Amino acid sequence: MEYEPVIGLEVHAHLLTNAKIFCRCSTKFGAAPNSHTCPICLGMPGVLPVLNKKVVEYAVKMGLATNCRINDRSVFARKNYFYPDLPKGYQISQYAEPLAEHGRIEIETGDGKKIIGITRIHMEEDAGKLLHDERNPSSYVDLNRTGIPLIEIVSEPDMRSAEEAAAYLKRLHEILVYLEICDGNMEEGSFRCDANVSLRPKGRAAFGIRAELKNMNSFRNVQRAVEYEIERQRHVLDGGGKVIQETRLWDDGQGVTLSMRGKEEAHDYRYFPDPDLVPVEIGKDWIAEIEKTQPELPQEKRERFIREYQISSYDAGVLTASRALADYFEEAARQAGKPKIAANWIMGDILKFLNEDKRSVKDCPILPADLAALIRLIDDGTISGKMAKEIIDVMYKTGKKPGAVIEEKGMVQITDESALAKTITGIIEANPAQVEQYRSGKEKVFGFFVGQVMKATQGKANPKLINDLLKKMLSGS
Ligand code: ADP
Ligand code: ZN
Ligand code: MG
């Protein structure tokens, strides 16, 4: 039997607000345990949550960027369950009336572009974090994370392979980071994904029973977990068994998914509207205002780069990996007037330097203007491309301008025709036998003369000028 995988993702993203969603505690990662807490996020009785407006603004930004309808009214609901990292005994989330719905984004697949539907985006608070001590029979709870604002982005079950799931996830991640509403750090848990996977016989419309996968903290692990799960379910179905609806945990070390809880233990969250919070009403004016602050999104930027700068789609992909890099490129391209050449220097040299040092382009010692200046110096013949390679290396190490490096190293290219002609005359006079060979048709000795001129000028002469002059002077004209 041939099966078709069906995949839908639920993504949780921490919003980059300074304060938590319902209190003024800091959201900063890595503080001493329980130092960012107050009666509200500790869930003390009698306290009242107050919604942080910035959270709504950021959630709306994501809704707009993913082509969702922003509901003019949405409602916070209590999701009731007991767990030691949840002091109130319920999580404030949204349920029947979420903030945004009916969106879509485009991904690239092996067979071209594909639209993935977004079912809904809602706001909620994060829970705390349990730390289990392996050597000690005790667990600890850190409540710094309770009340950190999250958006949950639920996709339609539109993906058909692990690659598509990874492509969708990368696209969401990229949009969130471009919007500057999430730092996207998967290791710190700022961007988390649950993957729902089921199989159905090819050609059948109805979906199969799904398993929900958790605990994948990198794009690669999401892809591996989904791949593994597809194979596992295929095996179950081929053996005449049934897939059961359950939550499974990805075990990175073993490279397998393991059952965590089955249907019997499925939660009944008894959702109801939170009586402590009024419905969120968002006026058209505010949405229009937020819309005005939206940056150019990565996909739009890539398409514009290809169109405007005539660079390849691959290059546009690399250069739009972050907003900072895209800005760097555009500034250098504009000042140099040579986008393709600027792209090559950035992709070939600057990114290599930065990657080696694990440095962000924001901290690059070579400013876009310096790179542009270097490109212009090659262009006007002051230096050769080979010299520029040496110069850019020094520029990166010292932060000096290209002009200063050239001066220090005495690297100016000889472009003075009469000076070079004089050198060539000397070489011709000193090597009569080779001149004779060249004139009698042995073209190969030309290389010998180029070498001699290079040596005499210590590699500083413009290669094109050497060629032109040598040809002219060797043929006796
Ligand atoms: P729950 O909170 O119970 O997981 P949601 O509706 O919030 O339910 O999320 C379900 C997710 O699972 C969505 O991303 C949806 O696309 C996906 N999904 C639903 N049914 C299937 C299925 N049969 N196979 C794969 N994914 C599915
Ligand atoms: Zn607090
Ligand atoms: Mg789920």
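Ligands are counted one by one from 1 in listed order, and the atoms in each one are counted from 1 as well. This one's a predicted model, so the numbers in the text were calculated from it and none came from an experiment.
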Worksheet item: Which heavy-atom pair separates Ser198 from Gly208 by the least distance, and what is that distance?
Response: CB-O, 3.6 Å
Response to the item:
Within the 4.0 Å heavy-atom cut-off, what Ile209 brings close to ligand 1 is neither
Worksheet item: Just which atoms of ligand 1 are under 4.0 Å from any heavy atom in Gly208?
Response: 23 (N)
Practice prompt. Using a strict cut-off of 4.0 Å, indicate which atoms of ligand 1 neighbour a heavy atom of Phe207.
Written response: 23 (N)
Worksheet entry | Under 2.8 Å from the Zn ion (ligand 2), the protein N, O or S atoms, given as residue and atom | Cys23 SG, Cys25 SG, Cys38 SG, Cys41 SG
Worksheet item: Got a sec: does the NZ of Lys114 have more than 12 other heavy atoms crowding it under 6.0 Å?
Response: yes
Worksheet entry | Atoms in ligand 1 flagged as close to Glu212, the criterion being non-hydrogen separation under 4.0 Å | 4 (O)
Fill in: Derivation of the salt bridge (charged side-chain N to carboxylate O under 4.0 Å, His left out) call for Asp111 and Arg160
CA-CA 12 Å; Asp111 313 318; Arg160 296 290 173 266; over 6 Å; no
Worksheet item: Looking at Leu9, which atoms of ligand 1 are within less than 4.0 Å of one of its heavy atoms?
Response: 14 (O)
Response to the item:
A student checking ligand 1 against Glu156 at a 4.0 Å heavy-atom cut-off should list atoms 16 (O)
Worksheet item: Heavy atoms, side chains only, cut-off 4.5 Å: are Lys340 and Asp315 in contact?
Response: yes
Worksheet item: What's the verdict on ring pair (Phe, Tyr, Trp, His ring centres under 6.0 Å) for Tyr309 and Phe329, showing C-alpha distance, side-chain angles and the deciding distance?
Response: CA-CA 11 Å; Tyr309 301 119; Phe329 161 71; 5.1 Å; yes
Item to complete: Please indicate whether Arg220 has more than 12 foreign heavy atoms, meaning atoms of other residues, nucleotides or ligands, lying under 6.0 Å from its CZ.
Response: no
Worksheet item: If you measure every N/O of Glu152 against every N/O of ligand 1, is any gap under 3.5 Å?
Response: no
Worksheet entry | Cationic tip of Lys88 above Tyr90 ring, under 6.0 Å, 45° of axis | yes
Fill in: Aromatic ring proximity, centroids under 6.0 angstrom, Phe219 and His173
yes
Worksheet item: Counting each atom of ligand 1 from 1 as listed, which ones have a heavy atom of Val6 under 4.0 Å away?
Response: 24 (N), 25 (C)
Item to complete: Return yes if a side-chain donor-acceptor contact under 3.5 Å exists between Arg302 and Gln299, otherwise no.
Response: yes
Fill in: Option nearest atom 3 (O) of ligand 1 (shortest heavy-atom distance, choices Glu10, Arg210, Arg120)
Arg210
Worksheet item: Taking everything shown except Lys301 itself, do over 12 heavy atoms lie less than 6.0 Å from its NZ?
Response: yes
